[in-house]
Number of protein chains: 2
Amino acid sequence: MTPAKRTTSADVARVAGVSRTTVSYVLNNRPGEVIPEDTRRRVLEAAERLAYRPRASARTLAGGRSDIVVLSIPDLPIGPSISRFVEELATSLAKHGLTLFTHLMSAHGRPLADVCATVEAAAVLGFGSFEPETVAALQRLGVAMVEPVDADYNASMGPIGRLQAEHLIERGHRRLGYALPAEPGFRQMAEGRLRGAAAACAAAGLPAPVALIADPEAADAEQAVSQWRELSVTGVCAFNDEVAFAVLAGLRQAGLGAPQDMAVIGADDIPTARFATPPLSTVSIDLAEAGRHRAEQVVTGLAGERVDLSSALVKVALVHRATS
Amino acid sequence: MTPAKRTTSADVARVAGVSRTTVSYVLNNRPGEVIPEDTRRRVLEAAERLAYRPRASARTLAGGRSDIVVLSIPDLPIGPSISRFVEELATSLAKHGLTLFTHLMSAHGRPLADVCATVEAAAVLGFGSFEPETVAALQRLGVAMVEPVDADYNASMGPIGRLQAEHLIERGHRRLGYALPAEPGFRQMAEGRLRGAAAACAAAGLPAPVALIADPEAADAEQAVSQWRELSVTGVCAFNDEVAFAVLAGLRQAGLGAPQDMAVIGADDIPTARFATPPLSTVSIDLAEAGRHRAEQVVTGLAGERVDLSSALVKVALVHRATS
DNA sequence: GCGCGTCACTGGCGCGTGTCAGTATCTAAC
DNA sequence: GTTAGATACTGACACGCGCCAGTGACGCGC
């Protein structure tokens with residue numbers, strides 16, 4: 001059935017006329033080992049010709065650590081900005097021979113620590129923070145690098161809220177609202193963004209925004225709108241574009257419109273924001289750069305160096321359209 | 001640094017007072033091997049107490065095949081319905097001890113076959129069909145199960161288009177349009193849906209829909225709208241909700257509206273569809289069930305049995321709102 | 001001639017698991 | 001008393017790779 005056994009490094013060694021060790025040295029170009037150009041070429045050619053791919057399992061077993069990086073994704077809808085981030089992260093890690101493995105927390109086959117134990121993960125990443133016991137468990141497993149907080153991502157939360165609020169303040173709004181989703185998975189992110197908005201208000205000498213829930217999956221937006229109007233809120237920052245659309249729908253149900261009755265600004269700049277009626281003002285977030293940066297951090301971290309997690313490289317930009 | 005070496009099956013054997021082989025037999029409850037209840041309990045208890053987790057790398061190396069299932073995702077934005085599918089698939093596979101590994105094709109670290117070779121994938125799944133050479137390469141690697149066509153998913157494409165077209169026909173439209181995205185990653189899916197719509201038209205004795213591109217990321221929608229109007233198209237099926245929003249925007253730019261000037265129906269029922277202005281008619285797709293079914297197929301396929309790929313278990317339903 | 005150092009390799013161990021062939025003990029049949 | 005078969009295990013090898021320790025060849029200084 002499987003007549004052609006898979007090629008191993010021994011096959012390469014035989015073809016190249018060297019020992020298996022030499023093959024290993026060449027292929028992993030081991031630092032400190034000097035291999036004459038001629039031998040190196042022979043090995044490389046043989047490997048190429050036989051289409052040799054080292055078996056990850058064997059490599060892991062021997063080395064004690066795999067080249068798998070696990071990214072734990074919380075139970076939330078994966079928007080385009082997140083998937084862009086993941087994509088970029090995976091690509092950049094792949095360039096360093098690391099393979100990204102996204103583990104959906106909602107896919108509750110086994111707890112995170114178990115999955116990492118079986119695959120012998122080299123590093124574990126996640127959005128938000130892990131619980132201390134999870135971190136402890138992972139470290140006990142010998143995972144080289146646990147990143148409890150996605151620093152880049154979380155650091156980007158503040159500026160988003162700030163940008164939203166500053167925009168509305170600049171346009172003359174003196175009393176702001178903040179629209180939150182109901183989804184618990186979003187809570188951490190939402191708090192970050194809200195804090196940013198509150199900071200902008202404080203800097204302008206204004207009271208903190210009135211935070212209310214306006215979930216896209218429910219119909220509580222109209223109620224939120226009427227509460228805001230009672231408190232003479234004239235501008236609302238929404239957690240993201242979908243929440244913004246919910247607010248907009250709430251306004252419409254009350255016979256009102258944006259921006260004349262209430263200004264609304266979203267976040268994420270999802271594709272539909274541009275073509276909505278009216279086109280939604282929002283904040284665009286470039287996570288691609290963050291993904292690359294993140295990968296860099298993992299690589300240096302795995303090399304044993306201490307990494308600086310403070311730098312936030314997420315580019316956010318205001319996109320002014322018709323609802324503000 | 002790492003004082004507590006990780007527990008191995010030898011540790012369990014020692015604690016339980018049996019041989020390593022017996023531990024293996026108990027833990028994998030090997031069929032055909034009879035283990036007295038008492039011994040079994042001792043082993044299980046020891047394993048529990050030591051928190052023993054077998055190392056996947058060693059298991060794979062010894063067994064020649066891992067418990068990793070690779071799902072290749074094409075270069076397209078991962079919508080909520082797809083991510084729901086993936087989620088459900090991962091959960092169901094996990095119940096059978098299989099781990100899902102989603103590989104983004106756009107994350108072009110290495111070609112699919114390479115990734116599968118290194119992780120020794122047990123099965124490879126994908127949306128759409130793989131190229132023949134990829135399939136051949138994978139089989140040469142000894143991958144037990146290659147599913148070139150995601151039967152469920154593809155089979156669901158037709159009904160979606162059909163449902164859209166039937167709905168519009170039922171409401172009196174005699175000449176239909178079909179709105180396509182520009183994104184090449186969507187092509188296969190789009191063709192499937194379009195075929196479904198065409199079939200519905202044919203069944204009603206109508207000409208095939210006029211297919212034009214109306215991409216959400218570009219501004220070609222207005223042009224498409226005017227072309228449709230020239231051909232006296234009165235109802236448009238959109239590939240998905242985002243494309244539908246693009247068409248709606250095109251209509252608006254031309255000073256027209258849905259449904260009075262042209263009926264529009266989307267697909268996927270994304271959250272924003274419900275709260276858009278006006279709320280978008282669409283087709284909802286339940287891929288959760290499909291995910292579970294899919295997992296089942298993989299498990300039986302891995303057990304060596306022949307699986308029937310023809311059955312499509314995707315539930316689609318019309319969601320009539322205001323744009324049609 | 002000897003010692004020393006460098007170069008270019010290689011032999012072989014160990015990683016943790018699955019599994020096959022084998023063994024020791026016991027019961028039952030002839 | 002011997003054989004046969006079942007029961008309840010165990011010893012040891014194989015899987016493919018990384019890498020340490022070692023080896024032989026060669027050059028060079030004294």
Side-chain angles (χ1 to χ4, degrees), chain A residues 2 4-43 46-47 50-68 97 117-120 122 141-142, chain B residues 2 4-43 46-47 50-68 97 117-120 122 141-142:
Chain A
T2 45
K5 282 175 56 68
R6 297 194 37 190
T7 66
T8 72
S9 71
D11 297 329
V12 177
R14 204 176 321 112
V15 170
V18 297
S19 81
R20 225 175 40 66
T21 307
T22 305
V23 171
S24 171
Y25 285 169
V26 170
L27 260 35
N28 305 341
N29 44 17
R30 194 157 193 271
E33 213 69 24
V34 195
I35 309 280
E37 201 49 48
D38 178 50
T39 308
R40 174 184 301 274
R41 228 200 41 251
R42 278 214 319 282
V43 171
L50 299 176
Y52 168 67
R53 309 271 175 269
R55 222 77 83 256
S57 50
R59 184 189 279 255
T60 301
L61 181 58
R65 182 162 299 139
S66 80
D67 48 13
I68 287 181
T118 55
V119 301
E120 215 109 336
L141 289 176
Chain B
T2 45
K5 282 176 54 68
R6 296 195 36 189
T7 66
T8 73
S9 70
D11 298 329
V12 177
R14 202 177 322 111
V15 170
V18 296
S19 80
R20 224 176 40 66
T21 307
T22 304
V23 171
S24 171
Y25 284 169
V26 170
L27 259 35
N28 304 343
N29 45 15
R30 193 158 193 269
E33 213 69 24
V34 195
I35 309 282
E37 200 48 48
D38 178 53
T39 309
R40 174 183 301 273
R41 228 202 40 252
R42 278 214 320 282
V43 171
L50 299 177
Y52 168 66
R53 308 269 176 270
R55 222 76 85 257
S57 49
R59 185 188 277 256
T60 300
L61 180 58
R65 182 162 298 137
S66 79
D67 48 12
I68 287 182
T118 54
V119 301
E120 215 109 338
L141 289 176

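Quick note on labels: first sequence line is chain A, next is B, and so on, each numbered from 1. Since the model is a prediction, treat every value here as computed from it, not as a measurement. FYI, side chains are in, hydrogens and waters are out, and symmetry mates aren't considered; it's all heavy atoms of this structure.
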Which part of the nucleic acid, if any, lies within reach of [X] when heavy atoms closer than 4.0 Å are counted: base, sugar-phosphate only, or nothing?
X: A:Thr22; value: base
X: A:Ser9; value: sugar-phosphate
X: A:Thr39; value: sugar-phosphate
X: A:Arg20; value: base

Expressed in angstrom and rounded to an integer, what is the separation of [X] atom [atom1] from [N] atom [atom2]?
X: A:Ile35; N: C:dT6; atom1: CD1; atom2: P; answer: 17 Å
X: A:Tyr25; N: C:dA8; atom1: OH; atom2: P; answer: 14 Å
X: A:Arg42; N: C:dT10; atom1: CZ; atom2: P; answer: 9 Å
X: B:Glu120; N: C:dT17; atom1: CD; atom2: P; answer: 17 Å
X: A:Leu61; N: C:dG14; atom1: CG; atom2: C1'; answer: 9 Å
X: B:Arg55; N: C:dG18; atom1: CZ; atom2: P; answer: 11 Å
X: A:Asp38; N: C:dC9; atom1: CG; atom2: P; answer: 8 Å
X: B:Leu27; N: C:dT19; atom1: CG; atom2: C1'; answer: 15 Å

> Does the side chain of B:Arg30 get closer than 4.0 angstrom to OP1 or OP2 of C:dC20 through an N or O atom?
Replying inline: yes

> Can a side chain N or O of B:Ser19 be found less than 4.0 Å away from OP1 or OP2 on D:dC9?
Replying inline: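 Indeed not, no polar side-chain atom of B:Ser19 lies that close.
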
> More 5' along DNA chain C: B:Ser24 or A:Thr21, using each one's nearest nucleotide?
Replying inline: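 Comparing both residues, the 5'-ward one is A:Thr21.
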
> Counting only N and O atoms by type, is there a donor-acceptor contact under 3.5 Å from the side chain of B:Thr60 to the main-chain atoms of A:Ser57?
Replying inline: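 No; zero donor-acceptor contacts below 3.5 Å.
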
>> Whether the side chain of A:Arg42 engages the backbone of A:Ala16 through a donor-acceptor N/O pair (distance < 3.5 Å, no angle test) should be reported.
In response: yes

> Shortest non-hydrogen contact from B:Val119 to B:Ser66?
Replying inline: O-OG, 3.2 Å

>> Can you tell me which nucleotide in C:dA8, D:dG18, C:dT17 comes closest to the side chain of A:Pro36?
In response: C:dA8

> Does the side chain of B:Tyr25 come within less than 4.5 Å of B:Val43's, by heavy atoms?
Replying inline: no

>> Using side-chain heavy atoms (C-beta onward) and a distance below 4.5 Å, is B:Val12 in contact with B:Thr7?
In response: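 B:Val12 vs B:Thr7: side chains apart.
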
